Amino acid sequence: MVENILVSVAWPYANAEIHVGNLTGAYLPADIFARYQRLRGRKVLMVSGSDSHGTPITVRADAENTTPLEVYQRFHESFLELFEKLGLTYDLFTSTHTSNHFDVSQKIFLSLLKNGFLYTAREMQWYAPSQKRFLPDRYVEGTCYICGFGNARSDQCDKCGSLLDPDKLIEPRSKIDGSTPELRETEHTYLDLAKLQPAVVEFLKQREGYWRPNVMRQSLGQILADNLHGRAITRDLDWGIPVPVDGWDGKCLYVWFEAVIGYLSASIEWSQLIGNKDAWTQWWHGSQSQSYYFIGKDNIPFHAVIWPAQLTGSGKTFDELMGFPNPSPLNLPYDVPANEFMNLEGQKISGSRGWAVWGADALTRYDPDPLRYYLTVNMPESKDTDWDWDDFFHRNNDELVATWGNLANRILSFTCKIWGNKVPEPGELTQQDKDLLAQIENGFETIAAELEAVRLRAALGEGMRLASEVNKYLDQTAPWIAVKTDKAAAARAVFTALKAIDSLKILLAPFLPFTSERLHGFFGNQQPLFGKQYIETINDELGSHKALRYDSDGASGLWEPSKLQPGQDLVNPQPLFKKLDISIVSEERARLGQK
Ligand SMILES: [Zn+2]
């Protein structure tokens, strides 16, 4: 029996704001899945954090004449605010710049070293004599020796797309001060992926059949086409995690190596925060746990190949370094349901061109649930999708408001008015009533099956189809007319519809948590469906960092059909969703492309 579900969510780079493509690619699907699993009564641990190291952040800091620490903290705080407002229920959203993450990453490194999966090699690297330091590839530009483009990066030309040999670059120059760098020899540590390949292939073959085809293609397919080769996991950089070996001063762990370790380190940090330091092992050891990694397609090799290689290579040694008496190997990913990309109005999203819908900005004009709804019906689960403002307008008004919001509001208002804020006594239900309730009840099976398989669009589509069934039922039974001639028939129809809506509230709660929670309150419930999010400041040897947390205490939601009883008190409802004016389409389109 699988009791524990680890929801591992991609770590956003703390050097740029988050747009709708990022949200629908990884962060929102993770939350929908986690909320569903919580309603099922499973023990969920949802973790992630800001990726605070690496050259994208140092480049931005250099450009702004500030420190990498300042850049990371600024974006990290904006992520916390966005995720809280959008209702993403991270048990812990932390950062890679914590002393815990340093320690865990170094222990994984040392485990791989002890088990013989690391080796060192010398290579040529750009060095800036003017600054007395090595320069990462993206710090060096020059003329492409293939097409003559003047602003080629040292490892790749953006004009002709060719991968370049750094030593052939014509007239290389440092992006920092324009000085001429030189190639110097340096030593790096490599992860021996060739040696780990048999274990990784075995791991992937066990997952054939249920992984998304695209993920299999980019992992097992790639390995079978072109074997794995060693990859450097250290860099000549001082912003990052020090290499835990004597004589390696001035070098740090390469960001792709340590960021994926964040899933493990965040689980450990969360355990420390709840005062049960070994709690993480419930999600990382044994067969009662499954781990899901929610990422975008650009991250597939790191999560489906390299991270499993790191885990396999660490074996039981990580537990030994943690001081456990009975060390076990760490669990490998159960599923990596990577999404494709979302475009915007027919074009690729581009932050630098201002062609983006930013999460934080959109939340200043729209409520979180309508955004969550549109991002789910349009989720790029099997192919790229497109955010289109006209489509957003219609989906909001014609589906969310017309099919679901009005249904709930109309029947609750009517009941409150006619039966004095109490669920009426239905008498004996007709076959038509029973058929509707059976259909809704069946939704707890069909929607669950879609959610278990991480087909979130299909799950939401089925929920909305069931809402349409309730509308059809009310068109046929028309209690607002029947009440004038046959109040008992009206009471029966109203009871049946209320019970269906009370169930739909749960079926839609993973997708629309804010409005389901409000509706839950209109049904007279005091206890909330879900727990509470909050932001906490955590101090450690590196200073302090803020984190987003989730406290499930008091949550009462269960994945089961309504048990609504006659006589239950109801609260006068408010509309769940706002109808939008068509003018938003042209207003929003006018915003695009402005920086
Ligand atoms: Zn070129």
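Positions are given from 1, in the same order as the sequence printed here. All figures in this text were calculated on a predicted structure; none of them were measured in a lab. Just so you know, ligand 1 is whichever comes first in the structure, and atom 1 is the first atom listed for that ligand.
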Quiz item: Cationic tip of Arg60 within the cone over Tyr13's six-membered ring, i.e. under 6.0 Å and within 45° of the normal?
Solution: no
Quiz prompt | Heavy-atom side-chain proximity of Phe257 to Ile261 below 4.5 angstrom | solution = yes
Self-check item: Pairing residues for Tyr145 by the side chain to side chain contact (heavy atoms under 4.5 Å, CB included) criterion, not counting sequence neighbours
Solution: Leu164, Asp165, Lys168, Ile170
Quiz item: What orientation do Phe75 and Phe79 show, parallel under 30°, tilted 30 to 60°, or perpendicular over 60°?
Solution: tilted
Practice problem: Sorted by first residue and then second, give each salt bridge (Lys or Arg N to Asp or Glu O under 4.0 Å) pair with at least one member in residues 120-131; sequence neighbours left out. | Solution: Arg122-Glu185
Self-check item: salt bridge (Lys or Arg N to Asp or Glu O under 4.0 Å) pairs, two or more places apart, involving residues 92-103
Solution: Asp103-Lys107
Self-check item: Heteroatoms of the protein, restricted to N/O/S, which lie under 2.8 Å from the Zn ion (ligand 1)
Solution: Cys144 SG, Cys147 SG, Cys157 SG, Cys160 SG
